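Only one structure is covered here, and it is reproduced in the block below.
Remember, predicted model here, so these are calculated numbers, not experimental data. One is the number of the first residue; the rest follow in order along the sequence.
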Amino acid sequence: MANVLVHTPRSFARRTVSGVRVGSFVRINNRFSVDFEYPVYFTDDFFSSVPDIVSMLFSSHDGLRRRAAVFVDSGLAKADPDLCERIRSIFSGRDSKIGLACEIAVVRGGPEAKRSESVFSKIISVLSKASLDRQEFVVAVGGGSVLDAVGFAASMIHRGLRIIRFPSTVLSQCDAGVGVKNGLDRFGQKNFLGTFSPPFAVVNDTKLLSTLPEAELRSGFSEAVKVAVIKDGQFFARMENLAPRLCSGDMPAVREALETCAAIHLRQITSGGDPFEFGTARPLDFGHWAAHRLEILSDGRISHGFAVAAGIALDSVYANLSGMLSDNDTARITNLLRALKLPLWYPEMEIKETNGEFSLLKGVDDFRNHLGGRLNVTLPVSIGHAVEIHEMETAKIKAALSRVREVCS
């Protein structure tokens, strides 16, 4: 037995804690759990009015008026010139429980948000000058890259500020924006720097999607296809039916797909058993070993959504060649991706290293290293069901590449 002095916020108390003696060492076992709760709201035009959701989002337990630092994606601000003023109006009411801690900061969006030292330095500088405390808020409005960069900065300051995300792309509203991860790309690797830091809340506002270019709108549906293939066959069938409406930008159809995809994504986080990825199984990364490598090989020209679509096609064909996935299900997957007008082949997929090997294959090693040395790749065995494999055959990957190029280029 060991007597240990335990400090509590109210007082010092002497307690006896059971210890385990191992040779000359005493080990005191500790275990605790922390509940995380964050709501994900769906709405149609948050910043044009002051709905009840505002008071819910920014309420404080002590009733004090709090402040927020707000960051807006530069691409979104350019496409919607009145957006910053509408955001400002939310925080300017005399009776509002929330005010601006500083002027709204517009930061560069797209892949550079995660890559650029200057973007990250600007975010850190703004937050430093805002002097927020841990009961105040960081608001990020933009695509997944901006949410990642602002979220990473917020998670580092005071060991974590309260961040509220307003994803502005299809991709971020159904995937990255509702998850618990932040990351920056450094040293030629996706998300080399990053943290697990659940948001305080997420608001998926379909109005923010209205200015998206048609191609970017479509690209985000790859993540919906991803979760449907590995988690929910009924959702996959619904996506097949919705595909024409999704491509035309029909907002009721878009919102239905987003809500379902986000719900499946959140179900995996909350009940999948490993929300902070201490293990090696990462089913939501289906199609991503190739996608991440494609983004790097194209120097960001191929967006994450489009890269994921190609990765899904490649891994589905690989599963088919391995005898795991039927011809019919493989065709349904590639046909849905094509119905959503998602390109499945890029010249970067056949770039070769000096030794003659495809550069894309390095994505397998990158994935293995990222996961802790043991490869763990999710592959579908039928639509709605998947398994984890621990090795991928190079010859079979090359055969899958040839098949995808032949069928989908």
Side-chain angles (χ1 to χ4, degrees), residues 35-61 66-73 76 80 83-84 86-93 96-100 104 135-144 146-148 150-151 154-155 160-182 197-212 217 220-221 223-224 227 235 250-271 275 284:
D35 286 333
F36 288 96
E37 180 179 344
Y38 63 93
V40 177
Y41 299 94
F42 282 83
T43 185
D44 294 316
D45 195 359
F46 181 90
F47 293 116
S48 289
S49 60
V50 186
D52 292 339
I53 191 175
V54 174
S55 59
M56 288 190 291
L57 279 178
F58 298 106
S59 62
S60 60
H61 65 85
R66 299 298 184 184
R67 302 172 306 144
V70 180
F71 297 86
V72 176
D73 188 312
L76 180 62
D80 186 355
L83 176 62
C84 287
R86 297 202 307 275
I87 294 174
R88 197 174 287 110
S89 68
I90 294 287
F91 297 93
S92 61
S96 176
K97 294 294 185 182
I98 186 72
L100 286 174
I104 295 171
Q135 304 301 316
E136 295 183 305
F137 301 90
V138 178
V139 176
V141 187
V146 167
L147 300 184
D148 257 10
V150 175
S155 73
L161 298 173
R162 296 178 173 184
I163 184 162
I164 298 178
R165 299 175 183 155
F166 285 82
S168 67
T169 63
V170 169
L171 191 70
S172 56
Q173 288 199 7
C174 68
D175 186 73
V178 300
V180 297
K181 297 187 285 188
N182 305 288
S197 182
F200 189 77
V202 180
V203 180
N204 279 344
D205 183 351
T206 54
K207 173 71 173 177
L208 296 177
L209 306 178
S210 63
T211 60
L212 284 176
L217 182 77
F221 294 124
E223 293 285 0
V227 298
F235 180 42
D250 178 79
M251 275 303 153
V254 170
R255 179 160 172 173
E256 178 185 342
L258 290 176
E259 288 187 23
T260 306
C261 182
I264 297 171
H265 189 115
L266 290 166
R267 187 172 67 213
Q268 172 64 32
I269 293 172
T270 57
S271 60
L284 294 179

Could you check Leu209 against Leu258 for side-chain contact (heavy atoms from CB on, under 4.5 Å), going step by step and ending with a plain yes or no?
CA-CA 11 Å; Leu209 306 178; Leu258 290 176; 3.7 Å; yes

Which heavy atom of [X] sits nearest to which heavy atom of [Y], and what is that distance?
| X | Y | value |
| --- | --- | --- |
| Gly143 | Thr169 | CA-CG2, 3.9 Å |
| Gly142 | Ser172 | O-OG, 4.1 Å |
| Ser168 | Leu76 | CB-CD2, 3.7 Å |
| Gly177 | Val202 | O-CG2, 3.4 Å |
| Ile104 | Cys84 | CD1-O, 3.4 Å |
| Gln173 | Pro167 | NE2-O, 3.0 Å |

Between [X] and [Y] (side chain of the first, backbone of the second, donor and acceptor by atom type, cut-off under 3.5 Å), is there such a pair?
| X | Y | result |
| --- | --- | --- |
| Tyr38 | Val178 | yes |
| Arg162 | Phe200 | no |
| Asp205 | Phe46 | yes |
| Arg165 | Gly179 | yes |

Can you list everything that forms a side chain to side chain contact (heavy atoms under 4.5 Å, CB included) with Phe235? Sequence neighbours excluded, please.
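Checked Phe235 against side chain to side chain contact (heavy atoms under 4.5 Å, CB included); matches are Ala224, Val227, Ala228, Asp232, Met239, Thr260, Cys261, Ile264.
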
Would Lys207 and Asp80 pass as an ion pair if we require N to O under 4.0 Å?
no

Closer than 4.0 angstrom, basic N to acidic O: yes or no for Arg67 and Glu136?
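Yes, charged N to carboxylate O under 4.0 Å.
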
What distance do [X] atom [atom1] and [Y] atom [atom2] have between them, rounded to the nearest 0.5 Å?
| X | Y | atom1 | atom2 | result |
| --- | --- | --- | --- | --- |
| Phe42 | Asn204 | CZ | CG | 4.0 Å |
| Ile269 | Leu284 | CD1 | CG | 7.0 Å |
| Leu83 | Thr211 | CG | OG1 | 8.5 Å |
| Asp73 | Leu208 | CG | CG | 10.5 Å |

Can you check side chain to side chain donor-acceptor pair (under 3.5 Å) on Asp44 and Thr206, steps first, answer last?
CA-CA 5 Å; Asp44 294 316; Thr206 54; 2.9 Å; yes

Between Phe36 and Val180, does a side-chain contact (heavy atoms from CB on, under 4.5 Å) hold up when you go through it step by step?
CA-CA 10 Å; Phe36 288 96; Val180 297; over 6 Å; no

Phe47 vs Phe166 aromatic rings, parallel, tilted or perpendicular, using cut-offs 30° and 60°?
tilted

Evaluate side-chain contact (heavy atoms from CB on, under 4.5 Å) for His265 paired with Cys174, printing each intermediate quantity in order.
CA-CA 8 Å; His265 189 115; Cys174 68; over 6 Å; no

Can you check side-chain contact (heavy atoms from CB on, under 4.5 Å) on Met251 and Arg255, steps first, answer last?
CA-CA 6 Å; Met251 275 303 153; Arg255 179 160 172 173; over 6 Å; no

